[in-house]
Asks: 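Please read through the structure below; I'll follow up with questions.
In what follows, chains are A, B, ... by sequence order, proteins preceding strands, each numbered from 1. What's counted below: heavy atoms across the whole structure, side chains too, no hydrogens, waters or symmetry copies.
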2 protein chains.
Amino acid sequence: MQLDHKQVWETIADRLREDILDGHLPAGTRLVEADLASRFGVSRGPIRDALADLSRSGLAVDLPRRGTSVASLREDDLAEVYEVRRALEEGAVRMAIARATAEDLAEMDRLLNATEAAYHAGPLPAAWEADMAFHRIYCRMAGNGRLLALFDNLASQTVLLMRTALTEHASLAWTPPVEVHRHIADAIRACDVDAAVRAVAAHYQYTEDRLAGTAKPE
Amino acid sequence: MQLDHKQVWETIADRLREDILDGHLPAGTRLVEADLASRFGVSRGPIRDALADLSRSGLAVDLPRRGTSVASLREDDLAEVYEVRRALEEGAVRMAIARATAEDLAEMDRLLNATEAAYHAGPLPAAWEADMAFHRIYCRMAGNGRLLALFDNLASQTVLLMRTALTEHASLAWTPPVEVHRHIADAIRACDVDAAVRAVAAHYQYTEDRLAGTAKPE
DNA sequence: TGAATGCTAACTGTTGACAATTAACCGTGT
DNA sequence: ACACGGTTAATTGTCAACAGTTAGCATTCA
């Protein structure tokens with residue numbers, strides 16, 4: 001059965017990814033191959049491929065002989081993800097400054113405004129999406145495909161983590177100060193590498209502090 | 001057939017990875033599922049899983065309906081890998097300084113000496129292995145599993161790239177100056193974050209220059 | 001002679017079935 | 001009442017076969 005022209009398992013993986021990030025499949029949900037096979041009207045083969053892809057993306061965990069479930073990540077996972085993202089994005093802004101075009105900068109400004117508007121309007125999950133789009137733009141501007149792919153993986157994990165954490169301790173329902181994003185954008189626009197790196201570091205320093213603050217009174 | 005206790009596809013993936021990095025399977029070699037299945041005495045299922053893993057690691061490319069082959073990466077791929085490694089390792093040294101134990105530092109010194117000895121003795125592929133082990137130690141010291149996994153991927157790709165590039169233009173058969181590694185180790189030992197970051201940056205700046213220099217007269 | 005077209009072989013994508021293992025449940029004994 | 005052993009159900013790992021597609025080759029026509 002051809003759901004599309006792309007690979008069947010790819011279509012299924014996209015659907016599942018969407019369901020996970022939407023919160024439709026909560027963390028810990030078991031992903032039973034046979035069930036998914038009948039749900040999507042295909043055999044278990046493509047399902048296995050899709051689940052393997054999700055596991056590699058960090059959105060699912062695959063215990064041998066015990067099946068795969070939606071990843072249920074904890075505070076230390078979130079800390080790990082943020083640490084890697086900080087390192088990656090500090091490099092990304094450096095590269096972005098060297099390679100950005102005028103169209104890139106315009107797109108960045110658009111996404112910056114969209115992010116601020118989304119945080120102002122709520123609800124949170126939608127704001128996160130805009131937030132990620134802003135972070136993504138300068139990773140794309142870096143002109144490095146591998147870096148962008150890694151960012152996308154980490155961004156997915158971030159959204160999943162935030163969502164599951166939000167349902168457990170509502171104290172994570174905070175909105176970052178709008179300045180941090182604007183500082184990054186300003187520095188990139190000014191081609192000031194040091195300031196851009198500092199802005200990214202400050203962003204993650206703030207996030208880390210906030211995370212440490214909410215993790216304690218759990 | 002149980003080759004080991006771990007998953008069958010995992011064993012096969014390890015074997016193939018080894019063969020690729022050893023140069024036993026040169027870049028561009030087609031990895032035909034049926035052939036590998038008969039070679040390893042298993043069915044095509046586990047082979048598919050192993051090949052998917054290699055593709056995910058960047059050691060193979062998988063064109064839909066056209067099969068998978070050993071990745072044949074070019075200079076721009078090497079540049080991409082180095083850019084991401086620089087970003088990752090700049091973060092890694094920062095984290096490593098904050099978390100290193102005495103045993104870690106001793107191990108780092110041991111690997112530093114081993115690397116210098118290996119470059120002094122040649123041959124190159126063996127030296128690369130020692131080189132990677134040195135870079136790996138401070139990524140491990142960073143205490144971030146995700147970062148370490150990403151480094152391992154990039155390190156594999158680096159070795160594959162160097163090896164294939166070496167067979168094509170022998171001008172890549174250069175050995176980095178020993179100081180760059182020692183500068184990194186010294187800065188980490190001194191808990192000097194700025195110096196460590198600068199040392200990593202200098203290392204990759206040198207590599208990049210050397211790469212640009214050899215790529216031109218191709 | 002050159003290009004286009006139809007055939008053929010090889011390979012992957014997908015499927016359904018079988019084997020192996022895990023986890024849960026029930027019963028028994030102490 | 002609790003711990004332990006055996007049995008069963010559920011689920012994954014593996015396999016062999018079928019179907020569909022791609023690439024290469026020969027053939028044909030201009």
Asks: Measuring to OP1 and OP2 of C:dT12, would you say a side-chain N or O of B:R66 lies under 4.0 angstrom away?
Replies: no
Asks: Heavy atoms under 4.0 Å, any strand shown: does A:G45 hit a base, just sugar-phosphate, or nothing?
Replies: base
Asks: Can you name the residues that form a side chain to side chain donor-acceptor pair (under 3.5 Å) with B:E80, not counting sequence neighbours?
Replies: A:R146
Asks: Find the distance A:F40:CZ to C:dG13:P and express it as a whole number of Å.
Replies: 19 Å
Asks: In this structure, how many angstroms lie between the P atom of D:dT14 and the CD1 atom of B:I12, rounded?
Replies: 8 Å
Asks: Given that A:S43 and A:P64 both sit by DNA chain C, which one's nearest nucleotide is further toward the 5' end?
Replies: A:S43
Asks: Relative to each other, are the rings of B:Y204 and B:H135 parallel, tilted or perpendicular (30° and 60° limits)?
Replies: tilted
Asks: Of all residues at least two apart in sequence or in a different chain, which pass the salt bridge (charged side-chain N to carboxylate O under 4.0 Å, His left out) check with A:R163?
Replies: none
Asks: Could you check how far CZ of A:R44 sits from P of D:dT11, rounded to whole Å?
Replies: 11 Å
Asks: Going by the rule side chain to side chain donor-acceptor pair (under 3.5 Å), which residues pair with B:R86 if we only count those two or more places apart in sequence or in a different chain?
Replies: B:E90
Asks: Nearest whole Å is fine: how far is C:dT14 P from B:D49 CG?
Replies: 14 Å
Asks: The criterion is salt bridge (charged side-chain N to carboxylate O under 4.0 Å, His left out); which residues satisfy it with B:D53, sequence neighbours excluded?
Replies: A:R56, B:R17
Asks: How many whole angstroms separate atom CD1 of A:I47 from atom C1' of D:dT11?
Replies: 14 Å
Asks: Atom CZ of B:R48 and atom P of D:dT12: how far apart are they, to the nearest Å?
Replies: 19 Å
Asks: List in chain and number order the residues that pass salt bridge (charged side-chain N to carboxylate O under 4.0 Å, His left out) with B:R99, two or more places apart in sequence or in another chain; answer none if no residue qualifies.
Replies: A:E83
Asks: For residues 26-38 of chain A, which residues have at least one heavy atom under 4.0 Å from DNA chain D?
Replies: A:R30, A:L31, A:V32, A:E33
Asks: Between the side-chain atoms of A:R65 and the base atoms of D:dT12, is any donor-acceptor pair under 3.5 Å?
Replies: yes
